[in-house]
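Every chain is numbered from 1, with letters handed out A, B, ... down the list of sequences. Treat the numbers as computed from the prediction; the structure is a model and nothing was measured.
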Protein chains: 2
Amino acid sequence: MAGATLRDVAKRANVSIRTVSNVVNGYAPVSDELRARVQAALDELDYRPNLIARNLKQGRTGMIALVVPELDVPYFAELAREVITAARAHGYVVMIDQTDGDGERERELLGRDSRATMFDGLLLSPLTVSAEELRARGNRVPIVLLGEHIFNGSFHHVAMDNVAAARDATAHLLGLGRRRVAAIGDQPYATGETAQLRTAGYRQALARAGLEADERLIVSTPHFHRRLGAEAMESLLALPEPPDAVFCYNDLLALGAMRALTRAGRRIPDDVAVVGIDDIEEGQYSTPSLTTVAPDKGEIARRAVNTLLEAINGTAAAPAEITVPHRLIVRESTAGEDAPA
Amino acid sequence: MAGATLRDVAKRANVSIRTVSNVVNGYAPVSDELRARVQAALDELDYRPNLIARNLKQGRTGMIALVVPELDVPYFAELAREVITAARAHGYVVMIDQTDGDGERERELLGRDSRATMFDGLLLSPLTVSAEELRARGNRVPIVLLGEHIFNGSFHHVAMDNVAAARDATAHLLGLGRRRVAAIGDQPYATGETAQLRTAGYRQALARAGLEADERLIVSTPHFHRRLGAEAMESLLALPEPPDAVFCYNDLLALGAMRALTRAGRRIPDDVAVVGIDDIEEGQYSTPSLTTVAPDKGEIARRAVNTLLEAINGTAAAPAEITVPHRLIVRESTAGEDAPA
DNA sequence: TGAGGGCTCTGCAACGATGCAGACATCATG
DNA sequence: CATGATGTCTGCATCGTTGCAGAGCCCTCA
């Protein structure tokens with residue numbers, strides 16, 4: 001049997017549809033006697049409101065979508081959890097989708113038949129979509145961008161200061177006395193803005209220490225997965241003058257790099273110190289535990305959700321770059337036994 | 001400006017609403033000339049179909065929900081990715097929600113005002129909801145259960161054979177000649193059915209090897225996170241006769257246990273061999289890499305999605321227990337240097 | 001020539017809910 | 001007793017779309 005509708009309940013309780021609706025929503029005053037009768041009918045028929053109909057009438061769904069490249073990348077999974085929590089605090093639920101880092105799928109989202117219209121707003125962590133494409137899509141559904149790319153003010157955008165984060169990570173390694181600091185994760189092409197910002201930070205730290213960057217120590221990777229971190233590390237170890245420290249553009253690369261180092265018999269941090277970015281939980285339990293730059297994920301999620309809801313309600317300020325704080329967390333991969341437990 | 005509707009487009013193109021709808025959906029034959037005129041109007045107004053209205057009319061949304069305890073538990077994140085992929089193959093999208101392992105939130109899902117009615121079906125990985133509660137909720141939205149609990153035939157249920165998986169893992173350790181094999185992750189109370197199945201498998205393996213279980217070697221943990229694995233391992237190491245192997249009920253526990261072992265200066269696997277369950281990617285890159293029992297996540301996702309879609313379409317067979325295959329993957333945490341790369 | 005059949009195109013009703021305006025009964029007040 | 005205020009309850013229109021039945025029109029063929 002399909003679900004009972006307001007009409008069914010109304011017929012059974014011998015009242016108008018409207019009155020049943022009032023009872024369900026606690027709106028207009030309803031006499032106790034009628035209320036009881038309607039309630040009985042509601043229970044007997046096990047009425048559940050049809051949210052789709054309600055949404056159509058009200059013009060909103062109470063759902064926002066979070067679109068990330070890959071859900072099984074721990075950073076995104078952890079961020080997703082924070083977003084769900086932040087949205088729930090406002091009575092919103094979050095639908096999560098992944099693009100597989102596939103530009104095709106990202107653009108699908110913006111296309112005519114996109115399911116995006118099912119949502120009151122969109123949180124998008126783009127990999128390849130450009131600002132122009134986003135602008136061209138019109139202003140159907142409010143959007144807040146997360147963490148990637150540079151959109152110079154056309155959109156709400158929440159991220160940490162990537163240059164500063166990379167600079168802090170690199171400076172930490174230099175502060176340990178390391179002089180051949182490698183970098184893993186550059187992406188010197190159009191869609192690699194985040195990576196390029198981190199490379200810039202890396203170079204800044206070297207410059208401030210009066211060092212010149214050795215281009216052979218900067219390894220590019222098309223994405224940020226463990227395997228590529230391991231491969232990059234292997235290639236660095238094969239250099240005539242291998243590095244004594246490595247700054248990885250995220251924790252997964254760093255974990256892969258550490259795996260390669262251990263396999264090659266190098267000691268961490270004695271031979272090579274390692275630092276990442278993201279502060280995923282895995283890094284606390286790796287051997288050795290991983291020094292990292294932690295963006296404040298909770299803050300990212302809250303600011304993003306709040307901004308999106310403001311945009312939905314039309315109370316949003318002009319699009320702005322929102323920068324959330326980050327901090328360096330020192331663990332064994334740079335401090336060795338001295339690391340705080 | 002709010003989105004243009006079919007009516008707006010119809011007015012502009014000077015045709016009926018119905019014809020615009022036909023053009024949009026490619027339904028009835030429309031003359032080339034009219035089609036072009038309508039298409040032009042569609043483009044000019046940048047028409048996007050209102051999916052909510054369409055869904056209301058059609059009685060389906062093309063969305064299913066996946067509800068898991070915690071999204072940032074790698075197993076669930078990896079499973080979610082598979083589910084998204086499987087659903088997409090059928091034109092469905094997946095909305096993901098997490099319950100935080102909170103019975104309250106799980107039950108909310110079944111309550112009167114649940115958003116569950118927004119979805120054509122539900123994939124639920126329950127932690128505390130009982131079969132009775134599920135039955136009591138009526139048959140509003142088709143449900144397929146994943147991995148947890150025992151529902152003896154009242155619901156579609158997809159899982160691996162937990163007893164066999166645990167038996168295989170334990171037998172592997174025994175096959176290495178270990179004799180004091182510990183178990184981390186038992187949950188000897190009502191909502192711990194999965195854990196209890198694994199304990200049963202553990203005991204079976206010991207029995208088949210002619211060994212008696214040492215109850216002190218079975219450590220309970222209220223949930224399956226890294227930290228508890230580490231704590232459990234520490235307590236095991238404090239025993240007068242510590243174990244020479246440990247079977248952890250999932251990979252996170254195992255990774256935590258390995259962390260504790262390394263910190264305590266024990267060698268893996270020489271002093272203590274470790275095996276987990278789940279085959280999360282992290283275990284391939286840990287030091288040492290983690291031996292594990294891998295459920296076929298892709299198969300779980302595909303079977304679950306297919307079954308759910310059959311239920312949605314009314315073509316489903318009677319509720320059934322669907323068992324997916326698993327296999328032991330041997331890595332360094334039990335095989336040491338001999339492990340396959 | 002006119003009956004029949006295809007092809008286009010259209011209007012109406014409906015999905016299930018809510019906003020609005022107003023009907024009706026009751027009651028207090030002058 | 002008339003008036004208006006108050007408190008309940010109802011019917012109608014509507015959200016944007018699609019299903020259905022049918023209206024024209026043109027063509028074919030007997």
Side-chain angles (χ1 to χ4, degrees), chain A residues 1-39 41-42 45-62 112-120 140-141, chain B residues 1-39 41-42 45-62 112-120 140-141:
Chain A
M1 59 165 190
T5 70
L6 282 185
R7 198 215 313 276
D8 302 329
V9 177
K11 195 172 298 176
R12 182 179 195 99
N14 221 10
V15 297
S16 76
I17 294 182
R18 191 57 250 219
T19 297
V20 179
S21 172
N22 286 338
V23 170
V24 169
N25 295 297
Y27 272 170
V30 177
S31 68
D32 290 347
E33 185 247 327
L34 242 202
R35 181 180 300 278
R37 202 164 85 217
V38 170
Q39 190 60 55
L42 284 171
L45 294 178
D46 191 25
Y47 170 79
R48 312 286 174 107
N50 180 323
L51 296 185
I52 307 197
R54 181 179 289 174
N55 291 338
L56 172 61
K57 187 68 178 129
Q58 300 188 331
R60 53 182 292 281
T61 61
R112 172 155 295 168
D113 273 333
S114 149
R115 295 214 202 237
T117 59
M118 286 275 293
F119 305 98
D120 295 342
R140 284 279 168 274
V141 179
Chain B
M1 59 165 190
T5 70
L6 282 184
R7 197 209 319 274
D8 301 329
V9 178
K11 195 171 298 176
R12 182 179 196 98
N14 220 11
V15 296
S16 76
I17 294 182
R18 191 59 250 223
T19 297
V20 180
S21 172
N22 285 338
V23 170
V24 169
N25 295 297
Y27 273 171
V30 177
S31 68
D32 290 345
E33 184 246 325
L34 243 201
R35 179 180 302 277
R37 202 164 85 218
V38 170
Q39 189 61 54
L42 284 171
L45 294 178
D46 192 24
Y47 169 79
R48 311 285 174 111
N50 179 323
L51 296 185
I52 308 197
R54 178 178 292 175
N55 291 337
L56 172 61
K57 187 67 179 137
Q58 300 188 330
R60 53 182 293 281
T61 62
R112 172 154 296 169
D113 273 333
S114 150
R115 295 214 202 235
T117 58
M118 287 274 292
F119 304 97
D120 295 343
R140 284 280 168 275
V141 179

Need to verify one output field. Residue with the more 5' nearest nucleotide on DNA chain C, A/Arg18 or B/Asn22? B/Asn22
Can you tell me whether the side chain of B/Arg48 and the base of D/dG16 have a donor-acceptor pair closer than 3.5 Å? no
Closer to the 5' end of DNA chain C via nearest nucleotide, is it B/Arg35 or A/Leu56? B/Arg35
So B/Asn55, base contact, sugar-phosphate only, or nothing? Heavy-atom distance under 4.0 Å. nothing
Whole angstroms only, please: what is the NZ-C1' distance between B/Lys11 and C/dT10? 17 Å
Please report the distance, rounded to the nearest Å, between CG in A/Asn50 and C1' in D/dC15. 13 Å
A/Asn14 CG to D/dT8 P, in whole Å, measures 20 Å
Under 4.0 Å from OP1 or OP2 of D/dT10: is there any side-chain N or O of A/Thr19 that close? yes
Out of the candidates B/Thr19, B/Val20, B/Asn14, only one should pair with B/Ser16 under the side chain to side chain contact (heavy atoms under 4.5 Å, CB included) rule; please name it. B/Thr19
State, with a plain yes or no, whether a side-chain heavy atom of B/Tyr47 is found less than 4.5 Å away from one of B/Val24. yes
To the nearest Å, how far apart are A/Arg60 CZ and C/dA17 C1'? 15 Å
Quick one: is D/dT10 close enough that its OP1 or OP2 comes under 4.0 Å of any side-chain N or O from A/Ser16? yes
Tell me the interatomic distance from A/Leu6, atom CG, to D/dT10, atom C1', rounded to whole angstroms. 14 Å
Considering heavy-atom distances to DNA chain D, does A/Asp32 or B/Ile17 have its closest nucleotide positioned more toward the 5' end? A/Asp32
Over how many whole Å does the gap from B/Arg54 atom CZ to C/dG16 atom C1' extend? 19 Å
Verdict with supporting geometry, A/Thr117 and B/Asn50, side-chain contact (heavy atoms from CB on, under 4.5 Å): CA-CA 7 Å; A/Thr117 59; B/Asn50 179 323; 5.9 Å; no
Measure CD1/B/Ile52 against C1'/D/dT18 and give the value in whole Å, please. 16 Å
Among the nucleotides C/dA17, D/dT10, D/dG16, which one has an atom lying closest to any side-chain atom of A/Tyr47? C/dA17
CG on A/Leu56 to CG on B/Asn55, rounded to 0.5 Å: 10.0 Å
May I ask you to say what A/Leu34 touches in the nucleic acid, namely base, sugar-phosphate or nothing, with a heavy-atom cut-off under 4.0 Å? sugar-phosphate
Is the phosphate of D/dT18 approached by B/Asn25 (side-chain N or O, under 4.0 Å from OP1 or OP2)? yes
Measure from NZ on A/Lys57 to C1' on C/dT18 and round the result to the nearest Å. 5 Å
Any side-chain N or O of B/Arg7 under 4.0 Å from OP1/OP2 of D/dC15? yes
Verify the contact: side-chain N or O of A/Ser31 to OP1 or OP2 of D/dT8, cut-off strictly under 4.0 Å; return yes or no. no
Applying side-chain contact (heavy atoms from CB on, under 4.5 Å) to B/Ile52 and A/Thr61, what does each step give before you reach the verdict? CA-CA 9 Å; B/Ile52 308 197; A/Thr61 61; 3.1 Å; yes
